[in-house]
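Below is one structure, written out as structure tokens, with a few remarks after it.
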Amino acid sequence: MRYQFKFRPYQRRFLRSLTTNHGKWDIREGIILRLTDESGKLGWGEIAPISWFGSETIEQALDFCRQLPEEITDEIIFSIPDELPACQFGFESAQEWVSGGDEGDKFITPNSSLLNPNFSLLYSGLLPAGEAALNQWETLWQKGYRTFKWKISVDAIANELKIFESLIHTLPSSAKLRLDANGGLTYEEANLWLRTCDNLKANAKLALEIEFIEQPLPVEQFQGMLELSTSYETAIAIDESVATLGQLAACHQQGWRGIFVIKPGIVGSPSRLRKFCHQHQIDTVFSSVFETAIARLAALKLAAELSQNNRAIGFGIDHFFEQEETWLQSLCNNL
Ligand code: MG
């Protein structure tokens, strides 16, 4: 199959800048792409890299788009190199869109089902770090969230353990809590957190579930996490360690049987991801890369298809950007 190919870079400012352990993030840059097949049918895709998390940079993605001819083939799409995982995702999902349903033409009318897809998925809500979590979970609860994520290793461990103690006694017993360390704990600290969570589990008075601790140790300390994952009852999810499909396969091959956090927008080829998940039946949590509705739709489809154990997904239903609909509509109409 042959497709007419068009693309357009975008930049959008976060409503509030995001603080990560890689510094402040103010502007999300990405690329919207459009494929038109021989019958005139459209398919949309999005490249939304996060280079500091392990994908290509926006410049590398743009260079790739610029060197492509105006007409491209399936062969080109399915042979994008592994060094460009966000491109693999963007092009393949556009290709799937053209060759799949008929949504391409209905797209980009406000309130369309594409901008507000109706998958029956559970969402996890991000609590603010530190003490602020204690008085903000309620707002999220009212919005319907039942799974919460709280960032740890932001402050001294003694302080965080104290806040944690209050948090678990404040949250409703039907809530689930995830702790995300973003690779910031030492081996001893990780043991302390896991032991604390195991003790809570043993304490029958507490019904609240600590679902898992996410990426306790840095990526280089994979063996340490592997060890921890077999030493405690509390589950561990790896995130930073498995940014791309290659890393996912490597960790699985080295024996990881815990949870894998998958960010479809940067993990690479959706078709190969499907194959891998089906073949190995891995336990997954899907998560966003602050993409627009275009990549989000493709990512949510994958999440709906591949999620197991009814785990909540990390796609905020809150808005990180202004006026998504009109903005995206005019961007696509001008392509
Ligand atoms: Mg994480």
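All ligand and atom numbering here is 1-based and tracks the order in the structure.
Expressed to the nearest 10°, the angle at the Mg ion (ligand 1) joining OD2 in Asp180 with OD2 in Asp239 is 180°.
No other N/O/S atom of Glu214 lies as close to the Mg ion (ligand 1) as OE2 does.
Side-chain N/O atoms of Ser241 and Gln247 include no donor and acceptor closer than 3.5 Å. Side-chain contact, Asn159 with Glu131: no donor N or O sits under 3.5 Å from an acceptor N or O.
With respect to the salt-bridge test (charged N to carboxylate O, under 4.0 angstrom), the residues Arg272 and Glu92 do not qualify. Salt bridge present: Glu214 and Lys149 bring a charged side-chain N and a carboxylate O closer than 4.0 Å.
The Mg ion (ligand 1) has no N, O or S atom of Glu240 under 2.8 Å away, backbone or side chain.
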